[in-house]
Asks: 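Attaching a single structure in structure tokens format; questions to follow.
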Amino acid sequence: SVIVADHLTPSDTIMLDKSLVMGFCTAHGSATSHAAILARGLGLPALAGAGAALMNVEDGTTLIVDGSHGVGIIDPDVKTVEYYEKRMRASQTMHAKALKHAHEIAITTDGHQVEVVANIGNVEDSKAALDNGAEGVGLLRTEFIYLERASMPDEEEQYQVYRAIMDAFGDKPVILRTLDVGGDKEIPYLNLEQEMNPFLGERALRLCLARPDIFKPQLRAALRAGLGHNLKIMYPMVATVAEVQAASEVFEECVAELRIEGKPFAKNIEVGIMVEIPSAAIVADQLAKQVDFFSIGTNDLSQYTMAADRTNPKVSGLSNAFQPAVLRLVRDVIQAAHAEKKWVGMCGELAGEPLATPILIGLGLDEFSISPPFVPIIKQIIRNLNAEKMAVLAEKALKLESPEAICDFVRSEVPIVAELAG
């Protein structure tokens, strides 16, 4: 069972309503990730994997959702409520201050500027991203066009939607991720075969390469919609160089077709990949020669590196992007890309973690792509950091042996993050 939850928002005190909780429960637990994405997009406090025992708590009981530490406190005493109310007020004050400067650039105290953009899932998200100071889109989840419908959207329908989003952002960069379904994202009309382990099966780019009837209309629609805008295209779930080369061939086929048909389309656009499989991180030096940029997807990178399903509360401690093994892969990917003079972003949830910001700045991350409500606060943190000092901090952090040790170390070394993360 799941309470609407996200560990980045201020702690909040709510009255438990099991009808709301039940709205985010499924027998398989796969709603955890979707509920968390929804909560983050709305800026709601969140706690995932609360367990079935929650349903035995009476309606109307006071519940504290401490997203910062991933705990829920049922029927707290007066002293505990006062402590959390004080924390909540302080956090709200800091967020309000950050919002006033949301549209300013994120530049460290020693002059290192990074890009802070937004993860969005539909046209409506565009306004929230721009209002919160996002400098573009680091992840456009195109699955929303395919979900909750009975048939596949054609090229023209996709073009109209993508164009509306491109128009909203003007000349700001928009990174469109090609269809990422399979695993926990099922679309009945695609008639995908049932697999024993869909997370390790034919999903995302693997599916698109096997189904040009899905892949080509999307690429054509994106190329057409990007005309006059700053479009970038990104392939998810890349494991090998061969996959990138195969995707490039399909891409070039679409370009040739549009040219022959006389349809205008965007030219000279950047094409990148998500690094979310350990194999891609390990051969990042080879992949960097094939693409224009990387965007690190820490959600999947964590679960695949640690062999721990990120939708399973029983192993949530393992599927943690603060695991030293995951952070070392992040470091290696950034170094490999920079060696080829390619830039690196991060669209996984680690990019929106205040405790991770100093480490990521220290590792040299070029772009942070996060849920719109958290753009102002991540920008504010970056403005209070010294990149050179954070490089030293990151080196020390990656020598520690556990996520807890790493988080405690950052709290002790960076006061503004300690205030935000609690």
Side-chain angles (χ1 to χ4, degrees), residues 34 37-38 40-43 102-103 115-149 151-181 185 187 204-205 208 214-236 247 251 254-255 258 263-274 292-293 295 297 345-348 351-352 367-376:
H34 301 310
I37 288 172
L38 174 61
R40 280 188 289 272
L42 296 173
H103 297 278
E115 195 172 52
V116 183
V117 292
N119 296 337
I120 68 172
N122 52 47
V123 178
E124 291 72 25
D125 288 346
S126 301
K127 184 178 186 304
L130 291 166
D131 288 348
N132 280 284
E135 298 163 12
V137 177
L139 170 62
L140 170 57
R141 300 183 181 96
T142 58
E143 304 83 69
F144 75 94
I145 305 177
Y146 296 78
L147 298 171
E148 298 180 1
R149 55 183 298 148
S151 62
M152 188 167 70
D154 62 19
E155 178 184 325
E156 188 61 28
E157 182 178 353
Q158 293 187 64
Y159 163 76
Q160 294 295 340
V161 175
Y162 300 153
R163 186 73 188 187
I165 293 172
M166 298 287 175
D167 287 345
F169 284 91
D171 61 356
K172 291 181 171 64
V174 174
I175 299 179
L176 181 149
R177 181 178 71 184
T178 57
L179 185 62
D180 184 4
V181 296
K185 303 170 191 169
I187 300 180
L205 183 60
C208 286
I214 298 173
F215 200 22
K216 293 184 73 172
Q218 181 174 47
L219 288 177
R220 286 169 54 98
L223 284 165
R224 292 172 55 205
L227 183 66
H229 295 288
N230 192 357
L231 167 70
K232 305 177 195 296
I233 289 178
M234 177 167 68
Y235 305 131
F251 181 89
C254 292
V255 168
L258 291 171
K263 294 181 178 178
F265 62 93
K267 299 177 178 65
N268 301 318
I269 66 172
E270 291 187 2
V271 177
I273 64 169
M274 286 189 69
D292 298 305
F293 67 91
S295 186
M346 179 179 288
C347 56
E367 179 225 59
F368 291 68
S369 188
I370 54 186
S371 295
F374 306 115
V375 169

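All figures in this text were calculated on a predicted structure; none of them were measured in a lab.
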Asks: What closest approach, in Å, do L227 and P264 show between heavy atoms, and which atom pair accounts for it?
Replies: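 L227 and P264 have their closest heavy atoms at CD2-CB, 3.5 Å.
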Asks: First locate atom CD1 of I175, then atom CD1 of I120, and finally report the distance between them rounded to the nearest 0.5 Å.
Replies: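 Result: 11.5 Å between the selected atoms.
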Asks: Got a donor-acceptor contact below 3.5 angstrom from the N230 side chain to the K172 backbone?
Replies: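 No, N230 side chain to K172 backbone: no donor-acceptor pair under 3.5 Å.
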Asks: Could you tell me the separation between the CG atom of N122 and the CD1 atom of I165, rounded to the nearest 0.5 Å?
Replies: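 The CG atom of N122 sits 7.0 Å away from the CD1 atom of I165.
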Asks: So, using side-chain hydrogen bond (donor to acceptor under 3.5 Å, both in side chains) as the criterion, who are the partners of S295 when residues are at least two apart?
Replies: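 With neighbours one apart ignored, the set is empty.
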Asks: Between R224 and E156, is the closest basic N to carboxylate O distance under 4.0 Å?
Replies: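 Between R224 and E156 there is a salt bridge, with a charged N closer than 4.0 Å to a carboxylate O.
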Asks: For N119, enumerate each residue passing the side-chain hydrogen bond (donor to acceptor under 3.5 Å, both in side chains) test, keeping only those at least two apart in sequence or located in another chain.
Replies: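 N119 satisfies side-chain hydrogen bond (donor to acceptor under 3.5 Å, both in side chains) with S369 once adjacent residues are dropped.
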Asks: Does a side-chain heavy-atom distance below 4.5 Å link L205 with F215?
Replies: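 They are in contact (side-chain heavy atoms under 4.5 Å apart), so the answer is yes.
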Asks: Could you check if a side-chain atom of I187 sits within less than 4.5 angstrom of a side-chain atom of R149, using non-hydrogen atoms only?
Replies: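 With C-beta onward as the side chain, the pair stays apart.
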Asks: For T178, which residues count as a side-chain hydrogen bond (donor to acceptor under 3.5 Å, both in side chains) partner, sequence neighbours excluded?
Replies: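 With sequence neighbours excluded, T178 shows a side-chain hydrogen bond (donor to acceptor under 3.5 Å, both in side chains) to no residue whatsoever.
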Asks: Looking only at non-hydrogen atoms, find the nearest pair between V375 and A134 and report the distance.
Replies: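 Heavy atoms of V375 and A134 come nearest at CG1-N, 3.9 Å.
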Asks: Would you mind listing every salt bridge (charged side-chain N to carboxylate O under 4.0 Å, His left out) that reaches into residues 264-273, with sequence neighbours excluded?
Replies: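 Only K232-E270 qualify under salt bridge (charged side-chain N to carboxylate O under 4.0 Å, His left out).
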Asks: Could you give the distance from CG (L223) to NZ (K263), rounded to the nearest 0.5 Å?
Replies: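 Nearest 0.5 Å value for the CG-NZ distance: 12.0 Å.
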Asks: List the atom of P236, the atom of L179, and the distance in Å for their closest heavy-atom pair.
Replies: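 Minimum heavy-atom contact is CG-O, 4.0 Å.
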Asks: Can you list the residues that meet the side-chain hydrogen bond (donor to acceptor under 3.5 Å, both in side chains) rule with D131, with sequence neighbours excluded?
Replies: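 With sequence neighbours excluded, D131 shows a side-chain hydrogen bond (donor to acceptor under 3.5 Å, both in side chains) to K127, given in chain and number order.
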Asks: Once rounded to the nearest 0.5 Å, what's the spacing between atom CG of L147 and atom OG1 of T142?
Replies: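 It comes to 9.5 Å.
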Asks: Is there a side-chain contact between Y146 and M152 in this structure, where contact means two heavy atoms from C-beta onward sitting under 4.5 Å apart?
Replies: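 Yes, side chains in contact.
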Asks: Do NZ/NE/NH1/NH2 and the carboxylate oxygens of K216 and E155 come within less than 4.0 Å?
Replies: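 A salt bridge is absent here (no side-chain N lies under 4.0 Å from a carboxylate O).
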Asks: Side chains of V137 and V117: closer than 4.5 Å at any heavy-atom pair?
Replies: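 When only atoms from C-beta onward are counted, V117 and V137 do not touch, as no gap falls below 4.5 Å.
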Asks: For Y162 and Q158, test the side chains for any donor-to-acceptor distance below 3.5 angstrom and give the result as yes or no.
Replies: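 Note: Y162 and Q158 side chains meet the donor-acceptor criterion.
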Asks: Give the minimum heavy-atom separation between A247 and Y235, together with the two atoms involved.
Replies: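 Answer, listing the atom of A247 first, then Y235: CB-CE1, 3.6 Å.
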Asks: Between R163 (side chain) and A225 (backbone), is there a donor-acceptor pair under 3.5 Å?
Replies: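 Checking the backbone N and O of A225 against the side chain of R163, a donor-acceptor pair under 3.5 Å is found.
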Asks: First locate atom CG of D171, then atom CE of M166, and finally report the distance between them rounded to the nearest 0.5 Å.
Replies: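 Reported to 0.5 Å precision, the distance equals 13.0 Å.
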Asks: F293: which residues meet the ring-ring contact (aromatic ring centres under 6.0 Å, His included) condition with it, sequence neighbours left out?
Replies: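 Scan of F293 (ring-ring contact (aromatic ring centres under 6.0 Å, His included), adjacent residues dropped) gives W343.
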Asks: Atom CG in D125, atom OG in S371: separation rounded to 0.5 Å?
Replies: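 Nearest 0.5 Å value for the CG-OG distance: 9.0 Å.
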